[in-house]
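We number each residue from 1, following the sequence as shown.
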Amino acid sequence: MGKDMLVLETPQSIKEHLDREMGPSEWITIDQPMIDKFADATGDHQWIHVDAERAAREMPGGKTIAHGFLTLSLLPRMMGSLYSIKAVGQRINYGSDKVRFTSMVPAGSRVRLRLTPRKAEDVKGGGVRITSEAVIEIEGADRPALVAEVITVAYP
């Protein structure tokens, strides 16, 4: 648990924190071994991701870049470091809307998350569907790597 982590008593408690930015999370380094493992897991071995020699010759900056979906897949890890819910039975990834990969993430880059819960709607079973704005920043870059609307459902 991070020192700045928001600890909520129940899923309903998120309603008291709407439109308040959480974060940033700790930095995560997206290195070439992480990119290669993601390529193996997804079957996406496009050279821009896995061929460091060719990237050195042909890519802006001379490095391979992370898959956009790799960056997106780091959201749960980073979100889990920003807030927790004490009385939660389960937390489900409900999906993402308006996902935009706004900058390339070169191998070796560090990224972090800023998260702003925007909406909290009651669902059957006493749960809450939480819609948040997620912005993944790249260290030293002017533009974020990713901007998305992410949806989770938390049940007591």
### Query
Say you draw a straight line from OG1 of T64 to CG of D51; how long is it, rounded to the nearest 0.5 Å?
9.0 Å

#### Entry: Non-hydrogen side-chain atoms of W47 and E53 separated by less than 4.5 Å
no

#### Entry: Shared hydrophobic cluster for V123 and I130 (ILVMFWY, side-chain gaps under 4.5 Å)
no

### Query
Looking at side-chain heavy atoms only, is the closest gap between P117 and M22 below 4.5 Å?
yes

### Message
Are M104 and P60 packed together at the side-chain level, in the sense that at least one heavy-atom pair is separated by less than 4.5 angstrom?
### Response
yes

### Query
When rounded to the nearest 0.5 angstrom, what is the spacing between NE2 in H17 and OG in S132?
12.5 Å

### Task
Starting at OG of S25, measure out to CG of L115 and round the result to the nearest 0.5 Å.
9.5 Å

### Query
What class does the angle between the rings of H49 and H67 fall in, given that below 30° is parallel, 30 to 60° is tilted and above 60° is perpendicular?
parallel

### Backbone N/O of T102 and side chain of R143: donor-acceptor pair under 3.5 Å
yes

### Query
Does F101 share a hydrophobic cluster with L74, counting links as ILVMFWY side-chain heavy atoms below 4.5 Å and allowing steps through other members?
yes

### Task
Mind checking the CZ-CD1 spacing from R112 to I136? Nearest 0.5 Å is all I need.
12.5 Å

### Task
Examine R20 relative to Y83 and say whether NZ or CZ is less than 6.0 Å from the centre of the six-membered ring and inside a 45° cone about the ring axis.
no

### Task
Please assess D122 against V128 for the test side chain to side chain contact (heavy atoms under 4.5 Å, CB included), listing each intermediate value before the final yes or no.
CA-CA 5 Å; D122 295 338; V128 178; 4.2 Å; yes

## Note on the structure
Between Q12 and the options K15, E16, E9, the side-chain hydrogen bond (donor to acceptor under 3.5 Å, both in side chains) test singles out K15

### Query
M5, I85: one ILVMFWY side-chain cluster at the under-4.5 Å cut-off?
no

### Message
Please tell me whether D40 and H45 have a donor and an acceptor in their side chains that are separated by less than 3.5 angstrom.
### Response
yes

### Query
Quick check: are there more than 12 heavy atoms from other residues, nucleotides or ligands sitting under 6.0 Å from CG of D97?
yes

### Query
Roughly how far apart are K98 NZ and E133 CD, rounded to 0.5 Å?
10.0 Å

### Task
Look at atom CD of E139 and say whether more than 12 heavy atoms of other residues, nucleotides or ligands are closer to it than 6.0 Å.
yes

#### Entry: Nearest non-hydrogen partners of L72 and P76, listed with the distance
O-CD, 4.2 Å

### Heavy atoms from other residues, nucleotides or ligands near CZ of R118 exceed 12 (cutoff 6.0 Å)
yes

### Query
More than 12 foreign heavy atoms under 6.0 Å from CD of E58: is that the case here?
yes

### Query
Taking all atoms of both residues into account, what is the closest heavy-atom pair of S109 and P106, and its distance?
OG-O, 2.7 Å

### Summary
Scanning both residues in full, the closest heavy-atom pair of V50 with A39 reads CG1-CB, 3.7 Å

### Rounded distance [0.5 Å steps], CZ in R91 versus OG in S84
7.5 Å

### Query
Can you name the one residue among I65, T71, I35 that meets side-chain contact (heavy atoms from CB on, under 4.5 Å) with V105?
T71

### Task
Please test N93 against V150 for side chain to side chain contact (heavy atoms under 4.5 Å, CB included), starting from the C-alpha separation and ending with a verdict.
CA-CA 8 Å; N93 175 356; V150 296; over 6 Å; no

### Query
Would T131 and Y94 count as a side chain to side chain contact (heavy atoms under 4.5 Å, CB included) if you check the C-alpha gap in whole Å, the side-chain angles of each, and the deciding distance to 0.1 Å?
CA-CA 9 Å; T131 303; Y94 193 76; over 6 Å; no

### Task
Check whether M79 and V135 end up in the same hydrophobic cluster, where Ile, Leu, Val, Met, Phe, Trp and Tyr are linked by side-chain heavy atoms less than 4.5 Å apart.
no

### Task
Over all heavy atoms of both residues, which pair between P144 and S103 is shortest? Give the atoms and the distance, please.
O-CB, 3.2 Å

### Query
For the hydrophobic clusters of this structure (ILVMFWY residues joined by side-chain heavy atoms under 4.5 Å, transitively), does one cluster hold both I28 and F69?
yes

### Query
Between G23 and L82, what is the shortest heavy-atom contact and its length?
CA-CD2, 3.5 Å

### Task
Test side chain to side chain contact (heavy atoms under 4.5 Å, CB included) on V111 and E137 and set out the steps.
CA-CA 5 Å; V111 297; E137 305 171 331; over 6 Å; no

### Query
Do you know the tightest heavy-atom contact between S73 and F38?
OG-CE1, 3.9 Å

